**Q** 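Structure in structure tokens, see below.
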Amino acid sequence: QILVLKASMLNGLKFPPWTSEPSPDEFALRPGDQPYSDGIELSLSDFQREVFDGWKRPAKALPPPAWLSNGEVNPGPSMQASRKIDVVQDAATDCSVVASLCAGVARAERSHVKILRSVLHPYDSGAARPLISENGKYIVRLNFNGCYRKVIIDDTLPTSRTSRVIHVVDRLNPGLLWPALLEKAYLKVRGGYDFPGSNSGTDLWILSGWIPEQVFLQSDDLEPDTFWRRTLNAFTYGDVMVTMGTGKISARA
């Protein structure tokens with residue numbers, strides 16, 4: 001327990017062990033209260049600073065309510081997707097994190113239990129989706145340094161004054177907020193948006209607590225048919241999430 005407590009400090013910030021789900025009162029905005037701020041501006045890369053336009057609340061950081069070209073309505077900042085989720089990165093080098101989010105979404109789309117219910121708070125168990133926090137405070141349960149830990153963030157996101165986007169976005173649901181919040185919590189643990197890169201095995205382990213297994217498809221020891229059957233059966237059952245990485249790609253490729 002002493003080692004776990006000592007390991008609460010990371011990158012100059014404190015992340016205490018997770019003990020229980022937070023009370024709904026932690027996310028209430030009472031009369032006279034100001035929106036929650038954790039007082040921390042995560043670091044940005046040189047390019048991100050060139051296009052940076054400030055930390056803004058979701059109402060200003062995400063597209064406002066509007067009619068879309070196909071006749072549907074973009075509701076503005078929301079925790080519910082009206083169409084298939086399609087998250088992408090742009091001006092952040094966290095493709096492995098985005099791939100991990102995609103893997104979690106794909107699992108939920110196959111009607112398996114949603115991992116978000118134990119990760120992002122506030123959460124509506126009845127509707128099976130995260131809730132918009134009234135005061136802008138979110139608490140995320142992540143797995144690192146020996147146990148599940150509490151990561152507290154506010155809802156401000158890094159915005160850009162150009163067409164480049166610093167935080168993760170959903171191309172089909174532009175107002176979807178929870179991917180950007182999960183990304184922010186993860187990058188707070190890893191030191192900031194000037195993220196040097198990782199792999200999805202590490203990212204999914206931190207986001208979900210699931211044990212990673214890295215398989216090299218070009219390994220001489222790999223039996224492709226056996227590996228494929230094992231992976232497909234586990235994926236169908238719902239106890240594996242899969243991402244793929246390319247490694248270094250030549251300019252010709």
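Just so it is clear, the structure is predicted and the values come from calculations on it, not from any experiment.
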**Q** Before giving the answer on ring-ring contact (aromatic ring centres under 6.0 Å, His included), spell out for W178 and H121 the whole-Å C-alpha distance, their side-chain angles and the decisive distance to 0.1 Å.
**A** CA-CA 10 Å; W178 67 257; H121 301 271; over 10 Å; no

**Q** Just one of H167, K56, R57 clears the side-chain contact (heavy atoms from CB on, under 4.5 Å) bar with L62, so which one?
**A** H167

**Q** Answer with yes or no after comparing the ring centroid distance for F27 and Y36 against a 6.0 Å cut-off, counting only values under it.
**A**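 Between F27 and Y36, the centre distance exceeds or equals 6.0 Å.
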
**Q** Charged N to carboxylate O under 4.0 angstrom, K84 versus E109?
**A**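 Yes.
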
**Q** Determine, stepwise, if the pair R117 / S125 fulfils side-chain hydrogen bond (donor to acceptor under 3.5 Å, both in side chains).
**A** CA-CA 7 Å; R117 68 189 308 165; S125 297; 4.8 Å; no

**Q** Evaluate the side-chain contact (heavy atoms from CB on, under 4.5 Å) criterion for residues R107 and F235: first the C-alpha distance (whole Å), next the side-chain angles of each, then the deciding distance (0.1 Å), finally the verdict.
**A** CA-CA 8 Å; R107 182 176 183 273; F235 181 74; 5.9 Å; no

**Q** For the residue pair S96 / N199, report whether a side-chain donor-acceptor contact shorter than 3.5 Å exists.
**A** no

**Q** Assess whether a salt bridge exists between D86 and R171, defined as any Lys/Arg side-chain N lying under 4.0 Å from an Asp/Glu carboxylate O.
**A**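 R171 and D86: salt-bridged.
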
**Q** Honestly, is R190 close enough over F195, meaning NZ or CZ under 6.0 Å from the six-membered ring centre and within 45° of the axis?
**A** no

**Q** Check the hydrophobic clustering (I, L, V, M, F, W, Y; side-chain heavy atoms under 4.5 Å; chains of links allowed) and say if L187 and W55 are grouped together.
**A**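 Result: yes, single cluster for both.
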
**Q** Under a single-linkage definition using a 4.5 Å side-chain heavy-atom cutoff for Ile, Leu, Val, Met, Phe, Trp and Tyr, are I206 and L13 assigned to the same hydrophobic cluster?
**A**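 Linked, I206 and L13 end up in one cluster.
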
**Q** Is I153 reachable from V97 through a run of I, L, V, M, F, W or Y residues, each pair having side-chain heavy atoms under 4.5 Å apart?
**A** yes

**Q** Identify whether the distance between the nearest side-chain nitrogen and carboxylate oxygen of R230 and E213 falls below 4.0 Å.
**A**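 Here R230 pairs with E213 in a salt bridge, since their nearest N and O are under 4.0 Å apart.
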
**Q** Do M79 and D124 have side chains that get closer than 4.5 Å, going by heavy atoms?
**A** no

**Q** Kindly determine whether T156 and K184 satisfy side-chain hydrogen bond (donor to acceptor under 3.5 Å, both in side chains), including the steps that lead there.
**A** CA-CA 9 Å; T156 59; K184 180 178 181 179; 3.1 Å; yes

**Q** Does the side chain of D155 pick up a donor-acceptor pair with the side chain of Y138 at under 3.5 Å?
**A**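 Side chains of D155 and Y138: no pair found under 3.5 Å.
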
